[in-house]
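Working notes for the structure below.
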Amino acid sequence: MSDPGAAAAAQIIDGKVYAEGVRAEVAAEVTRLKSEHGLQPGLAVVLVGDDPASQIYVRSKGEQSLAAGMHSVTHRLPEATTQDELLRLVAELNADPAIHGILVQLPLPKHLDEKQVLAILDPEKDVDGLTMVNAGRLASGLPGLYPCTPLGSMILLREAVGELAGKRAVVVGRSMLVGRPIAQLLLQADCTVTIAHSRTGDLPAVCREAEILVAAVGRPRMIRGDWIRPGAAVIDVGINRVPFDDPEKAAQGKTKVVGDVHFKEAREVAGWITPVPGGVGLMTVAVLLQNTVTAAKRIAGVS
Ligand code: GUN
């Protein structure tokens, strides 16, 4: 018999299921736009250098946009690309009528200035939601293109938790790509939001207040089981490569991907939890496709 005093294991939020749902909706909408309006949404992805993780993400973005029936181009530029060359390419893509979404994969090599690139990127094609215009629209509660991982996380949260209004949410991390925008989206959903970060005092106690806990710090398994309020919804945005626990595999240099949350401990306490891999990460590309369709419709002026 099970121990009646033991905490029930959390429900796992399966990103694969929801990402497939989003991709299917996108593919259906692309078919409709082509037949009713002669409009084929187009996505351009720019990768500078040969960071192995970025190469995998970029390949997946190209493949998935083609699978959804979209026009897709990937520009792979050498590490030695100059700032001027990169800016020229972005300007060309801004002016290309077949392209409705532009994504410059981050991080850029150190000699390139990301801010300058974002400053010239057309906000109407900014499917990453990283330009100042779109960040401002999000902060002001206006329609715009919002960052993909935060939007994907909100889809998962709504599926798991349902109504979010009035819930206490804690976001650990304040990056432009995830922490800040997800805090804004939670606020738009009428949550009471705390943004915690590396200088927050007594972080475990702050996390324990959260009915919704979003981990976006980039530190493997930092958030332990006893930091989590029983029954909380835990969204783990971390994607960290670590050596295998098995010393034999670790000695062979084999690595695996883990989140920012200590999954084994957390699932004993949380009400819902996203796994890594297989959670939020899968939503990011699906929402990127969705943002590209949104951008194409706005640019073409069709509903
Ligand atoms: N690098 C890791 N995640 C992302 C993302 O969502 N967008 C971009 N542009 N670069 C990334």
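Counting convention: from 1, in listed order, for ligands and their atoms alike.
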Candidate list Lys256, Lys264, Lys254, test salt bridge (Lys or Arg N to Asp or Glu O under 4.0 Å), partner Asp245, passing option: Lys256
Would Leu177 count as being in polar contact with ligand 1, using the rule that some N or O on each side must be under 3.5 angstrom apart? no
Between Gln105 and ligand 1, does any nitrogen or oxygen pair lie at a separation below 3.5 Å?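 Yes, since at least one N or O of Gln105 sits under 3.5 Å from an N or O of ligand 1.
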Taking atom types as modelled, find out whether Thr192 and Arg168 have a side-chain donor-acceptor pair closer than 3.5 angstrom. no
Cut-off 3.5 Å, side chains only: do Glu85 and Thr81 have a donor facing an acceptor? no
Proximal ligand 1 atoms for Leu103, defined as those under 4.0 Å from one of its heavy atoms: 9 (N)
Between Glu265 and Arg221, is there a side-chain N and carboxylate O pair less than 4.0 Å apart? no
Please state which protein non-hydrogen atom is closest to atom 1 (N) of ligand 1 and give its distance, to 0.1 Å?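 Of the protein heavy atoms, Leu106 O, 2.8 Å lies nearest.
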Considering only heavy atoms, which of Val58, Leu130, Asp128 lies nearest to atom 8 (C) of ligand 1?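 It is Asp128 whose heavy atom sits nearest to atom 8 (C) of ligand 1.
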Can you tell me which residue pairs pass the salt bridge (Lys or Arg N to Asp or Glu O under 4.0 Å) test with a partner in residues 114-125, sequence neighbours excluded?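 Matches after skipping sequence neighbours: Glu124-Arg137.
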